[in-house]
There are 2 protein chains.
Amino acid sequence: MTGLPSDNHLPDNQVAAARARLAACFDVWSAGDFDLSLCPVRGVLDHLGDKWTTLIVIVLALRPHRFSEIRRAIPDISKRMLTQTLRDLERDGLIARRVFPTKPPSVEYSLTALGQSLLEPLTALVTWAEASRPAIEAARTAFETAEAAVP
Amino acid sequence: MTGLPSDNHLPDNQVAAARARLAACFDVWSAGDFDLSLCPVRGVLDHLGDKWTTLIVIVLALRPHRFSEIRRAIPDISKRMLTQTLRDLERDGLIARRVFPTKPPSVEYSLTALGQSLLEPLTALVTWAEASRPAIEAARTAFETAEAAVP
DNA sequence: CCGAATCCCTGTCGATACTG
DNA sequence: CAGTATCGACAGGGATTCGG
């Protein structure tokens, strides 16, 4: 692998600012009962960790989709999980559900303003993941060769 | 490509940029086998969705911690999960593990440069979650009263 | 003090079949 | 077309115990 050019010159008041904010958050969280379910971040992260949530958000970010359109866009998802994930997102106000009373009923899902506001941090994460992929893969192989050397 | 006159009165070019980037990503993903395990984003998101990963990252963002210090900082975590999550993070090169050969052995964990670079997008997400909490909670209660009205 | 191995319960997800 | 209901498989993760 190539030398890591971007890793050397380091932080960035941005990192410091991020750390400061996280410190404040952590302070608040640990002040209370430390009940994770109370933390709004947990709810968000749990959802993003769900297998399909982010994918659906991304699909709906492109344009509104109908139920079957999403299924076609994400072939591996089952009806069950699609319905469930869609409900969760609707429940949290991230997506809107419009029913058209046509003969074969059709339903359109779209991002709400709140859902659109999620795109920015989500994109930041996606961008980071892609940019960091080489480093992560390098770390993984390094880790595995290291553990293979010690047994 | 967008002719969407959606509901937004906050149509930032940021949202448009985010959507464009996500569209590009989605394009690439769906071009291949759509194998989710190949997607670097999945690996990242799955980890963040894990129950303890983000918390540990935040704790280590404050300053390096020893094993037992982390346990004290996050009382609810078990030794098992702490060890496991720490190893996963180390494997991905996000944290570093230093062993001190003191009389009772002690181990210090700290964020690597790569791990620090995660703080920025992570903080963006945390900030979003906190800012959106009122809206999400309002949506939830609205949703519940709505479903209570149509049983 | 740190971590690996075992047991077991729980929630989550997939496949299938059925309603409006 | 859109959604629900039920079942079974599987993995996440908590408690405990043993090893360095």
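To find a chain, count down the sequence lines: A is the first, B the second, and so on, and within it residues start at 1. Below, each value reflects all heavy atoms present in this structure, side chains not excepted, and no hydrogens, waters or symmetry copies. Since this is a predicted model, take the numbers as computed values, not measurements.
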Is it true that [X] and [Y] have a side-chain N and a carboxylate O under 4.0 angstrom from each other?
X: B:E69; Y: B:R63; value: yes
X: A:R87; Y: A:E90; value: yes
X: B:E144; Y: A:R91; value: yes

To the nearest Å, give me how far apart [atom1] ([X]) and [atom2] ([N]) are.
X: B:E90; N: C:dA4; atom1: CD; atom2: C1'; answer: 15 Å
X: B:D88; N: C:dA4; atom1: CG; atom2: C1'; answer: 14 Å
X: A:L82; N: C:dG14; atom1: CG; atom2: C1'; answer: 14 Å
X: A:D46; N: C:dG11; atom1: CG; atom2: P; answer: 14 Å
X: A:D76; N: C:dT12; atom1: CG; atom2: P; answer: 21 Å
X: B:L86; N: C:dA4; atom1: CG; atom2: P; answer: 10 Å
X: A:H47; N: C:dT12; atom1: NE2; atom2: C1'; answer: 13 Å
X: B:R97; N: C:dC2; atom1: CZ; atom2: C1'; answer: 8 Å

In the structure I gave you, are the side-chain heavy atoms of [X] and [Y] within less than 4.5 Å of one another anywhere?
X: B:C25; Y: A:E130; result: yes
X: B:F67; Y: B:L82; result: yes
X: A:T85; Y: A:D50; result: no
X: B:I56; Y: B:I95; result: no

Inset, instruction - Go through C:dG3, C:dC13, C:dA4 for me and flag the one nearest to the B:Y109 side chain. - result: C:dG3
Inset, instruction - Measure from the side chain of A:V107, starting at C-beta and using heavy atoms only, and say which of D:dG14, D:dC1, D:dA2 lies closest. - result: D:dA2
Under 4.0 Å between a side-chain N or O of [X] and OP1 or OP2 of [N]?
X: B:R66; N: C:dC2; answer: yes
X: A:W52; N: C:dT12; answer: no
X: A:R80; N: D:dT6; answer: no

Inset, instruction - Classify the nucleic acid contact of A:R71 as base, sugar-phosphate or nothing, counting any heavy atom under 4.0 Å across all strands shown. - result: nothing
Inset, instruction - Remember a base hit wins even if backbone is also touched, and classify A:R87 as base, sugar-phosphate or nothing at under 4.0 Å, heavy atoms. - result: sugar-phosphate
Legend entry - Exam field: side chain B:T53 to backbone B:H47, donor-acceptor pair closer than 3.5 Å: yes
Legend entry - Angle by which the axis turns from one end of the helix from C:dC1-D:dG20 to C:dG20-D:dC1 to the other, five pairs per end, to 10 degrees: 40°
Legend entry - Pairwise 5' ranking along DNA chain C for B:K79 and A:M81, keeping only the more 5' one: B:K79
Legend entry - Closest-nucleotide 5' rank along DNA chain C - winner of B:Q84 and B:R72: B:R72
Inset, instruction - Check whether the side chain of B:K51 and the base of D:dG13 form a donor-acceptor pair under 3.5 Å. - result: no
Inset, instruction - Would you mind telling me which residue lines up with the more 5' stretch of DNA chain D, B:I77 or A:T83, judged by nearest nucleotide? - result: A:T83
